[in-house]
There are 2 protein chains.
Amino acid sequence: MMLTALNTQTRHGEVCPLDTTLKVITGKWKSIILCRLMKQELRYSELLRTLPGCTRRMLSLQLSQLEADHIIQKEVDPTYTPIKTSYHLTELGQSLVPIIQAMDQWGAQYIKTLETTTD
Amino acid sequence: MMLTALNTQTRHGEVCPLDTTLKVITGKWKSIILCRLMKQELRYSELLRTLPGCTRRMLSLQLSQLEADHIIQKEVDPTYTPIKTSYHLTELGQSLVPIIQAMDQWGAQYIKTLETTTD
DNA sequence: CGGGATCCCCCCAGATACTG
DNA sequence: CAGTATCTGGGGGGATCCCG
């Protein structure tokens, strides 16, 4: 049995790997959440604090989607009370890091290019 | 003078290169448009034909955004009648190709991994 | 602490019609 | 051929409240 249903994107009936990747990382807070978790495991409230403007509702939604897509993993520590959850990248999530870094570098170069392009 | 206003994404007041990149390539039809134009220059109607389900309105919107972001360039040939426009990648757009290919490959591996992960 | 449920508003995008 | 204008609805996301 599958761990979960696959959540792939399709174009005119066919699975599209590119769109699947985009769907995984596109979302109002997903990219910055991934940036945070690239560096270290974090708790729900720690993430929330480093994400100014992000509501708890949105953080929960984005985290649950990333978890459903097997990019991050949630850990609940039952010995703590009231409760303690933490999130970290899965192996799949780790494999995404080079792409995120490449996009960050491309964006920096893109901004620089447009800034210096005059007419 | 700038060619156009910069269209960068910010996080809590600071320019975010990663989000800027994501904004450039995220859009209902942008990724597939870029895939088409990676291979060859295409006319508006040619693009429309290879994008089943895409309305003319959406194609226009996505093309105009990509053009505003300097990813593609529009060429109008006045010698043709009624009219002939074509679109091709700019140099900036070309520089995006490796990232798109990396995302496509990652997506393929991602799908494969999830398909074969059983429990 | 770490969420979920509900209400509500606004914007994205589809449908349709019009145009140089 | 290559678009634009207008109308409309459905969903994303904010605000607020509740819960184990």
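To find a chain, count down the sequence lines: A is the first, B the second, and so on, and within it residues start at 1. Below, all heavy atoms of this structure are taken into account, side chains as well, without hydrogens, waters or symmetry copies.
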Q: If the test is side chain to side chain donor-acceptor pair (under 3.5 Å), which one of B/Glu46, B/Gln40, B/Glu41 qualifies with B/Ser86?
A: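 Only match with B/Ser86 under side chain to side chain donor-acceptor pair (under 3.5 Å): B/Glu41.
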Q: Choosing from D/dC1, D/dA2, C/dG2, which nucleotide comes nearest the side chain of A/Ser45?
A: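 So the nucleotide nearest the side chain must be C/dG2.
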Q: If we ignore hydrogens and angles and just use 3.5 Å, is the side chain of A/Tyr87 paired with the main-chain N or O of A/Glu67 as donor and acceptor?
A: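 Checking the backbone N and O of A/Glu67 against the side chain of A/Tyr87, no donor-acceptor pair under 3.5 Å is found.
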Q: Do B/Thr113 and B/Gln109 have a side chain donor and acceptor closer than 3.5 Å?
A: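 Yes, side-chain donor-acceptor contact under 3.5 Å.
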Q: Produce the list of close N/O pairs, under 3.5 Å, pairing protein atoms with atoms of nucleotides 3-6 of chain D; give distances to one decimal.
A:
from	atom 1	to	atom 2	distance (Å)
D/dG3	OP1	B/Lys74	NZ	2.9
D/dG3	OP2	B/Thr85	OG1	3.1
D/dG3	OP2	B/Tyr87	OH	2.6
D/dG3	O6	B/Arg56	NH1	3.0
D/dG3	O6	B/Arg56	NH2	3.3

Q: Could you check how far CD of B/Gln62 sits from P of C/dA13, rounded to whole Å?
A: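 Computing the B/Gln62:CD to C/dA13:P distance gives 7 Å.
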Q: We want to know whether A/Ser60 and A/Tyr44 form a side-chain donor-acceptor pair, criterion being a heavy-atom distance below 3.5 angstrom.
A: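 The answer is yes; a qualifying pair exists.
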Q: Given atom CG of B/Leu42 and atom P of D/dC1, what is their separation to the nearest angstrom?
A: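 Rounding to the nearest Å, CG of B/Leu42 and P of D/dC1 are 15 Å apart.
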Q: Output the rounded distance in Å from CG (A/Leu51) to P (D/dG13).
A: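 It works out to 14 Å between those atoms.
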Q: Rounded to whole angstrom units, what separation is found between the NZ atom of A/Lys84 and the C1' atom of C/dC1?
A: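 For the pair A/Lys84 NZ and C/dC1 C1', the rounded distance is 12 Å.
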Q: Quick one: are B/Lys74 and B/Leu63 in side-chain contact, heavy atoms under 4.5 Å?
A: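 They are not in side-chain contact.
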Q: Determine whether a donor-acceptor pair (N or O, by modelled atom type, separation under 3.5 Å) exists between the side chain of B/Thr21 and the backbone of A/Asp104.
A: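 Pair absent, no side-chain N/O of B/Thr21 close to backbone of A/Asp104.
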Q: Within residues 25-38 of chain B, which residues have any heavy atom lying less than 4.0 Å from an atom of DNA chain C?
A: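 Listed by number, they are B/Lys28.
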Q: Find the distance A/Met58:CE to D/dT16:P and express it as a whole number of Å.
A: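 The distance from CE of A/Met58 to P of D/dT16 comes to 17 Å, rounded to the nearest Å.
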Q: Can you measure B/Arg43 atom CZ to D/dC1 atom P for me and round it to whole angstrom units?
A: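 Taking atom P of D/dC1 as the reference, CZ of B/Arg43 is at 8 Å.
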Q: Please report, rounded to the nearest Å, how far the P atom of D/dG12 is from the NZ atom of A/Lys23.
A: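 Distance, rounded to whole Å: 10 Å.
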Q: In whole Å, what is the span from the CD atom of A/Glu75 to the C1' atom of C/dC1?
A: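 Taking CD of A/Glu75 and C1' of C/dC1, I get 17 Å after rounding.
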Q: Just so I know, are the side chains of A/Val97 and A/Leu89 near enough to count as touching, which here means a heavy-atom distance under 4.5 Å?
A: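 Side chain of A/Val97 against side chain of A/Leu89, heavy atoms only: contact under 4.5 Å found.
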Q: Any side-chain N or O of A/Thr55 below 4.0 angstrom from OP1/OP2 of D/dG14?
A: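 Affirmative; the distance criterion is met.
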Q: Check whether any side-chain heavy atom of B/Ile25 lies under 4.5 Å from a side-chain heavy atom of B/Lys30, and answer yes or no.
A: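 A side-chain contact under 4.5 Å is absent here.
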Q: Between B/Ile33 and B/Leu59, is there a side-chain heavy-atom distance shorter than 4.5 Å?
A: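 With C-beta onward as the side chain, the pair touches.
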